[in-house]
Protein chains: 2
Amino acid sequence: MDIEISKEKKLAELFSALSEPNRIRIIKILKTSDTELTCSQVSKVLQIAPSTVSYHFKALRKAGLTNTRRQAQTKYLSLNAKTFQKYLPHFLDSL
Amino acid sequence: MDIEISKEKKLAELFSALSEPNRIRIIKILKTSDTELTCSQVSKVLQIAPSTVSYHFKALRKAGLTNTRRQAQTKYLSLNAKTFQKYLPHFLDSL
DNA sequence: TACATATTTCGATAAATATAGAAATAAGAG
DNA sequence: CTCTTATTTCTATATTTATCGAAATATGTA
């Protein structure tokens with residue numbers, strides 16, 4: 001069971017997580033490639049420091065927009081379709 | 001004709017404008033009451049200073065999410081359905 | 001164990017944000 | 001012209017944010 005939180009607050013939280021172009025790009029890549037992404041891959045593609053990517057990954061994860069799977073040293077990021085479906089239906093389609 | 005801007009950047013801008021609970025509330029009231037709102041009305045309803053409301057109004061307007069109509073000293077805010085339709089289809093329905 | 005790779009955390013910093021109150025501006029009413 | 005009402009702008013402030021590089025942590029390999 002989730003903690004009760006006003007829908008407005010939750011939406012603001014989601015939008016906050018998505019209010020940075022690079023994060024939108026990460027979501028877009030995840031969606032269009034329909035695969036997982038690692039920190040270092042994104043770092044190369046978007047030309048930003050790994051630590052910055054890690055920061056963005058964390059923000060997306062915290063908002064519930066993505067999931068993480070660990071394999072050895074590597075962490076794979078994927079979309080959390082449920083959150084999009086629940087709070088931002090059709091958004092992924094419109095990307 | 002609009003200035004060229006990457007879609008990711010525009011989306012980030014829209015999300016940024018929506019990343020504050022009171023702004024979501026303003027959008028929600030505008031949508032559900034299907035009417036216009038003034039600064040002072042919102043100030044009373046949400047219990048925040050008029051100058052703060054004015055700041056939020058400006059942010060929403062700048063992102064293209066709302067329109068303004070002036071009548072005497074009063075400014076009426078309404079939704080800009082086009083922007084929602086173009087960039088956030090179905091979002092208003094899901095509010 | 002020592003080294004390599006991937007990620008995270010920490011420390012610092014510059015920029016942006018939300019907020020309020022005070023002053024300024026806009027417009028109508030007496 | 002003065003007063004009232006509505007909004008905006010200005011000033012200040014406290015908080016959050018995005019960013020990087022360096023150090024720390026995690027995990028696998030020689």
Closest non-hydrogen atom pair between [X] and [Y], with its separation:
{"X": "A49(B)", "Y": "S43(B)", "result": "C-OG, 4.0 Å"}
{"X": "A59(A)", "Y": "A17(A)", "result": "O-CB, 4.1 Å"}
{"X": "C39(B)", "Y": "F57(B)", "result": "N-CE2, 3.6 Å"}

Interface limits on DNA chain C, where chain B has a heavy atom under 4.0 Å of a nucleotide atom: dT17(C) to dG28(C)

Within the 4.0 Å limit for protein heavy atoms, which parts of nucleotides 17-22 of chain D are touched? Write it as a string from 5' to 3', B for base, S for sugar-phosphate only, - for none. SBBBBB

Less than 4.5 Å apart, side chain to side chain, heavy atoms only: is that true for T68(B) and L77(B)? yes

Is the closest side-chain heavy-atom distance between F91(A) and L11(B) below 4.5 Å? yes

Taking N or O atoms only and anything under 3.5 Å, show me the protein contacts with nucleotides 27-30 of chain D, one pair per line.
residue : atom : partner : partner atom : Å
dT27(D) : O2   : Q73(A)  : NE2          : 3.3

Cluster check F15(B), L95(B): I/L/V/M/F/W/Y, side chain < 4.5 angstrom: yes

Side-chain donor/acceptor pairs under 3.5 Å, residues 26-37 of chain A, sequence neighbours excluded:
residue : atom : partner : partner atom : Å
K28(A)  : NZ   : E8(B)   : OE2          : 2.9
K31(A)  : NZ   : L92(A)  : O            : 3.3
T32(A)  : OG1  : K28(A)  : O            : 2.8
S33(A)  : OG   : I29(A)  : O            : 2.6
E36(A)  : OE1  : R69(A)  : NH2          : 2.7
E36(A)  : OE2  : R69(A)  : NE           : 2.9

One should read off an interatomic distance between L79(A) CG and N67(A) CG, to the nearest 0.5 angstrom, of 8.5 Å

Residue pairs involving residues 47-66 of chain A (criterion side-chain hydrogen bond (donor to acceptor under 3.5 Å, both in side chains); sequence neighbours excluded): R23(A)-H56(A)

With sequence neighbours left out, write down each residue that passes side chain to side chain contact (heavy atoms under 4.5 Å, CB included) with S40(B), or none if nothing qualifies. T38(B)

In this structure, how many angstroms lie between the P atom of dA6(D) and the NZ atom of K44(B), rounded? 6 Å

